[in-house]
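Notes follow once the structure below has been shown.
Remember, predicted model here, so these are calculated numbers, not experimental data. Reckoned from all heavy atoms, side chains included, excluding hydrogens, waters and symmetry mates. Quick note on labels: first sequence line is chain A, next is B, and so on, each numbered from 1.
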Protein chains: 2
Amino acid sequence: MPTIDATTDATEAAHDARTEARRRQLLAAAARLMAEHGSPNVSMQAVADGAGVSVGLIYRYFGGKQDLLQAVIVSVLESFATRVAEAIGDEPDPVRRIAAAFAGYCDVIHDEREAALLAYRETKSLDPEGRRVLMDLEVQTAQPLVAAVTDAVDAGLIRPVNVPVFAYQLLMTAHSWALKHWYFGTRIAHADFVAEHTALALSAVLRPETRNHYTDLLGTLA
Amino acid sequence: MPTIDATTDATEAAHDARTEARRRQLLAAAARLMAEHGSPNVSMQAVADGAGVSVGLIYRYFGGKQDLLQAVIVSVLESFATRVAEAIGDEPDPVRRIAAAFAGYCDVIHDEREAALLAYRETKSLDPEGRRVLMDLEVQTAQPLVAAVTDAVDAGLIRPVNVPVFAYQLLMTAHSWALKHWYFGTRIAHADFVAEHTALALSAVLRPETRNHYTDLLGTLA
DNA sequence: ACACTGAATGAATGCTCATTCACTTACGAC
DNA sequence: GTCGTAAGTGAATGAGCATTCATTCAGTGT
């Protein structure tokens with residue numbers, strides 16, 4: 001039995017776990033502060049204080065402020081992608097899968113409104129390489145929706161549309177809950193917002209002969 | 001004849017004109033630089049250089065950096081409002097007025113893409129009072145669209161919808177050309193983007209019996 | 001116990017930048 | 001021409017901040 005290897009493995013695992021925890025702790029503090037005040041208005045000292053740690057330590061985990069900001073945004077987008085994937089589940093009907101994916105996006109945005117805005121506000125100040133990563137991630141996140149729309153078109157359930165454009169329209173609608181919360185927030189409840197936009201989007205593309213299968217999704221537009 | 005008053009009036013007018021010109025010159029330089037690099041990355045020195053004046057002069061025209069930023073965003077939104085109002089013209093058919101207003105928004109956003117993004121990115125760093133002003137301006141800009149949708153509903157041309165939500169959906173779609181230009185820019189021409197979204201939005205809400213009046217706007221969804 | 005390794009600290013460094021102000025220049029009134 | 005007022009200048013000030021690094025601390029193997 002390789003006792004030595006086992007010990008080193010165990011300690012290494014413990015080490016990695018602690019490192020990961022620290023990293024997450026720093027990211028969480030940075031995300032909270034940057035979402036609230038904007039990255040340029042948050043000093044490294046403030047992040048350190050927020051995490052209950054000294055400034056110097058941040059530099060053991062991140063290359064610098066730029067790197068920290070990028071890591072914050074990446075972690076936000078990754079959590080979005082994960083949650084959206086979960087939300088869709090295994091709905092077989094492509095049209096209902098569109099609705100489920102859209103609702104998933106909307107709910108994630110609703111829960112992480114400030115974080116979503118952070119990504120919009122601060123992306124510009126990243127280096128080109130960092131921006132590319134974020135764009136890739138976002139396109140990834142949109143993939144389930146694109147797939148569902150493609151399936152619906154292929155199955156003849158909806159009229160032919162420009163798939164990437166239609167799918168991104170839905171994505172942007174979800175984002176708009178965060179971007180224009182000051183407007184929508186006082187005019188409509190989130191659940192109604194989701195229902196209304198689901199109905200609008202589907203009403204635009206459903207074929208007349210398939211509309212009556214989805215009256216539950218069309219609401220007053222049925 | 002009040003010669004003295006006339007002279008003072010004339011010189012005062014000339015004075016005001018020069019002051020206005022300077023102000024615009026400074027705003028233009030600031031807008032260009034801030035749109036490109038983001039307000040926090042643009043020093044007052046850089047704005048001064050960009051406008052070909054000295055730093056100190058900026059403080060004769062604006063209270064400080066914060067004030068300058070706010071003035072830049074306000075001027076951008078005001079130019080948007082003006083251009084949109086022009087674009088709509090006097091189309092009598094409410095449905096076609098919706099289409100015209102939407103196209104107007106889209107064109108303005110297309111022409112001033114960077115400026116539009118500036119408003120999104122930097123609003124957070126304004127004081128609450130400044131933000132309120134910007135929100136008012138944006139709602140003003142949306143008014144023609146809200147009015148057109150209201151008319152269309154009242155005239156029974158489209159199904160009843162949540163008017164402010166539907167109108168803002170269109171506004172956000174126009175904005176999304178700027179927000180996601182990295183995505184749409186390589187996938188669809190601007191004119192096609194406008195046509196596709198006009199068709200989608202109208203297809204969602206037009207009554208079956210009125211659809212055939214607007215086949216030109218519905219394109220492939222007719 | 002002891003030495004060793006890496007985690008953690010926080011004061012010191014050096015830079016950038018907004019803002020000020022003592023001074024200069026341009027210009028209209030007389 | 002010359003006086004007064006307003007426009008314009010740019011070096012100096014001082015605050016804030018990212019980043020570094022000499023030092024301390026804590027845990028682990030022997």
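- Counting to the nearest Å, the P atom of dA7(D) and the CD atom of Glu20(B) are 14 Å from each other.
- Taking the six-membered ring where the residue is Trp, Trp182(A) and Tyr168(B) present perpendicular rings, their angle passing 60° and hence far from 30°.
- Contact annotation: Ser54(B) does not reach the phosphate of dG10(D) (side-chain N/O to OP1 or OP2, under 4.0 Å).
- Distance CE/Met44(A) to OH/Tyr59(A): 3.5 Å, rounded to 0.5 Å.
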Here DNA chain C, pairs taken as Watson-Crick or G-U under 3.5 Å and shown with ( ), [ ] when crossing and | when to another strand, reads ||||||||||||||||||||||||||||||
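- No side-chain N or O of Gln169(B) forms a donor-acceptor pair with one of Ser176(A) less than 3.5 Å apart.
- Ionic pairing of Arg83(B) and Asp107(B) is not present here: no N-O contact between side-chain nitrogen and carboxylate oxygen is shorter than 4.0 angstrom.
- For dA8(C), one of the phosphate oxygens OP1 or OP2 lies less than 4.0 angstrom from a side-chain nitrogen or oxygen of Arg22(A).
- One finds a salt bridge joining Lys124(A) and Glu114(B) here, because a Lys/Arg side-chain nitrogen approaches an Asp/Glu carboxylate oxygen to under 4.0 Å.
- Screening residues 59-75 of chain A for salt bridge (charged side-chain N to carboxylate O under 4.0 Å, His left out) gives no qualifying pairs among residues at least two apart or on separate chains.
- Between the side chains of Tyr120(B) and His175(B), at least one donor N or O lies within less than 3.5 Å of an accepting N or O.
- Every residue two or more places apart in sequence or in another chain was checked for a salt bridge (Lys or Arg N to Asp or Glu O under 4.0 Å) with Asp49(A), and none qualifies.
- With a 4.5 Å cut-off on side-chain heavy atoms, Val194(B) and Trp177(B) do not count as touching.
- With rounding to whole Å, Arg18(A) atom CZ is found 12 Å from dT5(C) atom C1'.
- Scanning residues 59-72 of chain A for heavy-atom distances under 4.0 Å to DNA chain D yields Tyr59(A), Gly64(A), Lys65(A).
- Between dT9(C), dG10(C), dT9(D), one nucleotide has an atom nearer to the side chain of Leu57(B) than all others, and that is dT9(D).
- Contacts between residues 28-52 of chain A and DNA chain D, counted as heavy-atom distances below 4.0 Å, involve Val42(A), Ser43(A), Met44(A).
- Of the possible polar contacts, none joining the Glu138(B) side chain to the Leu77(B) backbone as a donor-acceptor pair under 3.5 Å is found.
- Residues forming a side-chain contact (heavy atoms from CB on, under 4.5 Å) with Ile88(B) (at least two apart in sequence, or on another chain): Val84(B), Arg97(B), Ala101(B), Pro144(B).
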